[in-house]
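Okay, structure first, notes after.
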Amino acid sequence: MKTTTLNTTTFKKITISSTALQLKQLPVNFCKCGITGWCLEVLFTSAESIMRHDWRLMGRTSLLMFPIYGCGALLGPIGKWIDDWLNPGKSLSVKKSDLAIRHGMLYMVLIFVAEYASGAWLRSRGMCPWDYTGRSTNIDGLIRLDFAPLWFATGLLFEQITKKKGG
């Protein structure tokens, strides 16, 4: 059985070429995440209508949400960068369940930051399509902490739909 030792130069070349491929795929992945985010939002808001006893199950979203959800395409490359930083050359030695928890937590925090920042920017222009004011876990009406499990799962979903086939 032949074993191969990777030196840091080889590892850096692999990382750089992998990053270049991810950047090349970014426009396609941006669209995948944007469309997926729209669909998830329509499904979620449709489900919320049940709580209001509105059996028409009308879902809603905003065109402004497409680029916000599209930024989910950056989650996978950021997760890979963090993995490489924490375990240079050893990302395969980490258990998949540990990676899922690490990535889910990271993505959840990044989504909260993006939601808050984009919401604050849109609100300053009178264009924010959401307002969580009055909800018990809201922060400045821009994010809801009770959405943490949803953002955890959404981040992992975005990672999966943007992942290179077979990789």
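Because only heavy atoms are used, hydrogens play no part in the values below, and waters and symmetry mates are left out as well, while side chains stay in. Because the structure is a prediction, the values reported are computed rather than measured. For reference, positions follow the sequence shown, starting with 1.
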- Item | Q160 and F158, any side-chain heavy atoms less than 4.5 Å apart | no

- Message: For residues L156 and W81: do they belong to one hydrophobic cluster (side chain heavy atoms under 4.5 Å, members Ile, Leu, Val, Met, Phe, Trp, Tyr)?
- Response: yes

- Hey, could you give me the CG/NZ distance between N29 and K24, rounded to the nearest 0.5 Å? 13.0 Å

- Item | Co-membership, hydrophobic cluster, residues M51 and Y132, 4.5 Å side-chain | no

- Listed by chain and number, what are the ring-ring contact (aromatic ring centres under 6.0 Å, His included) partners of Y107, not counting sequence neighbours? H103

- Task: Enter the distance from D54:CG to S49:OG here, rounded to the nearest 0.5 Å.
- Result: 5.0 Å

- Query: What do the steps show when you test L106 against I82 for side-chain contact (heavy atoms from CB on, under 4.5 Å), and what is the final call?
  - Reply: CA-CA 9 Å; L106 172 65; I82 294 291; 3.8 Å; yes

- Query: How about T137 and D146: does a side-chain donor come under 3.5 Å of a side-chain acceptor?
  - Reply: yes

- What is the minimum heavy-atom distance between F30 and A73, and which atoms define it? N-CB, 3.5 Å

- Any side-chain heavy atom of E159 within less than 4.5 Å of one from L75? no

- Item | Exceeds 12 heavy-atom contacts within 6.0 angstrom, atom CZ of R125 | yes

- Message: Starting from V28, can I reach Y69 by hopping between I/L/V/M/F/W/Y residues whose side chains sit under 4.5 Å apart?
- Response: no

- Message: For the aromatic rings, using the six-membered ring if either is Trp, is the centroid distance between F147 and F112 under 6.0 Å?
- Response: no

- Item | ILVMFWY cluster, F44 and I50 together (side-chain gap under 4.5 Å) | no

- Message: Taking transitive links into account, so neighbours of neighbours count too, which hydrophobic residues share a cluster with V42 at under 4.5 Å side-chain distance?
- Response: none

- Taken to the nearest 0.5 Å, the spacing of L122 CG from S124 OG works out to 7.5 Å

- Lys/Arg N to Asp/Glu carboxylate O, K80 vs D84, below 4.0 Å: yes

- Flag the pair D140 and R123 as a salt bridge only when some basic side-chain nitrogen lies within less than 4.0 angstrom of an acidic carboxylate oxygen. no

- Do the side chain of K32 and the main chain of T162 share a donor and acceptor less than 3.5 angstrom apart? no

Distance-only donor-acceptor hits, side chain of residues 58-68, under 3.5 Å, sequence neighbours excluded:
| from | atom 1 | to | atom 2 | distance (Å) |
| --- | --- | --- | --- | --- |
| T61 | OG1 | E41 | OE1 | 3.4 |
| T61 | OG1 | E41 | OE2 | 3.4 |
| S62 | OG | L64 | N | 3.0 |

- Task: Start with the C-alpha distance between L26 and L74, add both sets of side-chain angles, then the distance that settles side-chain contact (heavy atoms from CB on, under 4.5 Å), and finish with yes or no.
- Result: CA-CA 8 Å; L26 194 57; L74 299 172; 3.9 Å; yes

- Query: Are any non-hydrogen side-chain atoms of T154 and L40 less than 4.5 angstrom apart?
  - Reply: yes

- Task: Enter the distance from C128:SG to W121:CH2 here, rounded to the nearest 0.5 Å.
- Result: 11.0 Å

- Does one hydrophobic cluster hold both L43 and W130, with members joined at side-chain heavy-atom distances below 4.5 Å? no

- Side-chain contact test, heavy atoms from C-beta onward, threshold under 4.5 Å: evaluate it for R144 versus I139 and give yes or no. no

- Distance, nearest 0.5 Å, that separates CG of L145 from CE of M108: 9.5 Å

- Beyond-backbone contact of R102 with D83, side-chain heavy atoms, under 4.5 angstrom: yes

